[in-house]
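A quick write-up on the structure given underneath.
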Protein chains: 2
Amino acid sequence: MSNVAHDVERMLNDVPEPVDTKRRILDAAIDTLREDGFAVASARTIARRGDFNQALIFYHYGTLNGLVLAAFDEVTRARIERYVEVFEGPEYLATKLLAMRELYRDDRESGRLRVITEVIGGANLRPDLAPEVAARIDPWLDMTDGVVGDIIAKVGLAGVVEPRDAAFAISACFLGMDLLGNLGYDEARPERLMEIAATLAPMLELLTGGFGAPS
Amino acid sequence: MSNVAHDVERMLNDVPEPVDTKRRILDAAIDTLREDGFAVASARTIARRGDFNQALIFYHYGTLNGLVLAAFDEVTRARIERYVEVFEGPEYLATKLLAMRELYRDDRESGRLRVITEVIGGANLRPDLAPEVAARIDPWLDMTDGVVGDIIAKVGLAGVVEPRDAAFAISACFLGMDLLGNLGYDEARPERLMEIAATLAPMLELLTGGFGAPS
DNA sequence: GTCTATACTTGGATAGAC
DNA sequence: GTCTATCCAAGTATAGAC
């Protein structure tokens with residue numbers, strides 16, 4: 001049966017929407033984190049937003065922290081794979097940077113990045129969240145590791161700059177920019193910086209692999 | 001009268017310590033922020049730490065936010081001047097970076113930086129704090145502005161990279177690293193990166209002003 | 001699985017005696 | 001200026017009916 005016919009039948013029989021409540025809770029949490037931020041994301045406000053009973057959060061996710069982490073995971077899941085995909089291709093560095101700029105822009109505009117930043121920022125204030133969140137950041141560091149490792153080697157800084165250090169600094173930079181953005185600073189700045197990086201990438205390409213050499 | 005004689009007299013007469021209570025409150029707030037973090041810095045815990053009555057905070061500082069901001073200001077006050085001092089000198093870029101590394105290390109070890117980071121992180125979660133904190137970050141951006149502006153010009157990227165964008169990125173990087181550090185990541189990494197920067201500085205010096213040219 | 005009701009905690013802030 | 005006592009709001013989480 002088609003979805004449409006299915007929906008019509010449901011309307012006629014006044015069958016309650018068979019939406020998975022657990023999913024609705026998750027969505028409400030993500031929406032709250034994205035639009036109102038971590039500070040506002042209490043069990044009560046999330047429940048109000050999703051129009052369900054507050055106690056359900058604890059039934060389905062055990063604790064509020066559990067829900068927040070689930071929201072983080074949900075938002076993150078598919079993202080890393082897309083970044084890795086871009087980074088592991090054999091394309092030119094400049095091409096990669098361009099592709100990454102798009103991914104980043106998309107994550108910002110969709111609000112996914114806001115969710116991530118809010119949770120990381122929040123973890124700083126809720127000691128019980130910190131280790132869990134830290135564990136979830138590791139994959140991002142690992143990913144960045146690989147790319148900058150390549151670049152460092154080509155620029156001739158192998159042994160001088162540890163890839164992990166550079167990865168840490170880069171991730172920190174993005175995180176910090178977003179946090180400052182949430183404080184009220186010009187939101188457009190990170191985009192402008194990505195733009196610059198993309199502009200400069202061909203120069204780096206020349207400097208390293210030589211013109212036209214796939215990285 | 002000498003301080004010692006003064007103290008002895010006070011002991012004999014059982015005169016209460018004439019410590020400025022307002023100051024004691026401020027110190028307790030700073031200590032709490034540094035050692036326990038923003039999340040723990042409630043009026044009650046600060047009062048317990050400083051061993052004074054909780055209500056005094058509101059008498060002397062109006063609100064808890066007021067006290068937190070006062071703590072931020074107190075920790076910050078003398079710092080910027082020292083950084084500016086280093087940056088405005090006519091020394092070589094490498095020398096400046098070395099000096100800055102020392103200032104940074106000192107701020108980290110003394111816990112001053114922790115106070116600053118905690119408040120900035122906390123402002124993300126308390127909307128009423130955000131604008132006040134943002135205003136206090138501006139001077140740091142202004143300062144960084146000036147230095148990187150020089151460097152950018154010398155590297156020949158004037159017009160390509162806006163100094164303010166670079167300053168934003170650099171400040172964000174330090175902030176982000178500290179936040180990640182608080183999350184449980186290797187605390188030593190920022191120091192390691194400063195080390196690398198100091199190592200690389202002479203190369204940049206060569207690249208820009210030529211060897212021996214004061215920046 | 002979902003609801004109501006509620007226990008329990010912590011926190012900001014104030015009133016009023018001293 | 002400092003204290004005690006207290007108000008009130010908001011939060012997490014659970015018990016128990018349905």
Side-chain angles (χ1 to χ4, degrees), chain A residues 14-29 32-33 36-72 118-119 121-130 132-133, chain B residues 10 14-29 31-33 36-72 118-119 121-130 132-133:
Chain A
D14 205 14
V15 176
E17 185 83 32
V19 275
D20 185 0
T21 303
K22 192 166 181 180
R23 175 74 216 186
R24 270 179 58 217
I25 296 174
L26 190 61
D27 287 336
T32 306
L33 284 169
D36 301 329
F38 183 88
V40 184
S42 71
R44 282 166 149 92
T45 55
I46 293 173
R48 202 177 310 130
R49 169 163 220 132
D51 197 38
F52 51 79
N53 194 286
Q54 173 245 151
L56 288 174
I57 288 176
F58 302 96
Y59 176 79
H60 285 289
Y61 291 94
T63 65
L64 181 63
N65 279 354
L67 173 57
V68 168
L69 290 172
F72 188 93
E118 284 292 330
V119 174
N124 258 282
L125 303 207
R126 285 233 272 269
D128 42 342
L129 257 180
E132 307 265 22
V133 172
Chain B
R10 273 195 25 267
D14 205 14
V15 176
E17 184 83 32
V19 275
D20 185 1
T21 304
K22 192 165 181 180
R23 176 74 216 186
R24 270 178 57 214
I25 296 174
L26 190 61
D27 287 336
D31 290 346
T32 305
L33 285 168
D36 301 329
F38 184 88
V40 184
S42 70
R44 285 167 149 91
T45 55
I46 293 173
R48 204 177 309 131
R49 170 166 220 130
D51 197 37
F52 51 79
N53 194 287
Q54 174 246 149
L56 288 174
I57 288 176
F58 302 96
Y59 175 79
H60 286 288
Y61 291 94
T63 65
L64 183 62
N65 279 354
L67 173 56
V68 168
L69 290 172
F72 188 93
E118 285 291 330
V119 174
N124 259 280
L125 302 208
R126 285 233 271 270
D128 43 341
L129 257 179
E132 307 266 23
V133 171

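Residue numbers start from 1 in every chain, and the chains themselves are labelled A, B, ... in the order their sequence lines are given, proteins ahead of strands. Below, each value reflects all heavy atoms present in this structure, side chains not excepted, and no hydrogens, waters or symmetry copies.
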Rounded to whole Å, please give me the gap between [atom1] in [X] and [atom2] in [N].
{"X": "N53(A)", "N": "dT14(D)", "atom1": "CG", "atom2": "C1'", "answer": "12 Å"}
{"X": "I25(A)", "N": "dG1(C)", "atom1": "CD1", "atom2": "C1'", "answer": "10 Å"}
{"X": "L125(B)", "N": "dG11(D)", "atom1": "CG", "atom2": "P", "answer": "14 Å"}
{"X": "H60(A)", "N": "dA13(D)", "atom1": "NE2", "atom2": "C1'", "answer": "16 Å"}
{"X": "L56(B)", "N": "dG1(D)", "atom1": "CG", "atom2": "C1'", "answer": "7 Å"}
{"X": "K22(A)", "N": "dT2(C)", "atom1": "NZ", "atom2": "C1'", "answer": "16 Å"}
{"X": "D128(A)", "N": "dT9(C)", "atom1": "CG", "atom2": "P", "answer": "18 Å"}

**OP:** Scan nucleotides 12-18 of chain C nucleotide by nucleotide, 5' to 3', and note B when protein non-hydrogen atoms come under 4.0 Å of the base, S if they reach only the sugar-phosphate, - if neither.
**Re:** BBB----
Original post:
Does anything in residues 50-62 of chain A pair up under side-chain hydrogen bond (donor to acceptor under 3.5 Å, both in side chains), and if so which pairs, sequence neighbours excluded?
Top reply: none
Are any of the side-chain heavy atoms of [X] and [Y] separated by less than 4.5 Å?
{"X": "R48(B)", "Y": "T45(B)", "result": "yes"}
{"X": "L64(A)", "Y": "R126(A)", "result": "yes"}
{"X": "R24(A)", "Y": "L56(A)", "result": "no"}

**OP:** Working to the nearest 0.5 Å, report the span between CG of L129(B) and CZ of F38(B).
**Re:** 5.5 Å
Original post:
In terms of side-chain geometry, is the basic nitrogen of D27(B) or R23(B) positioned less than 4.0 Å from the acidic oxygen of its partner?
Top reply: yes
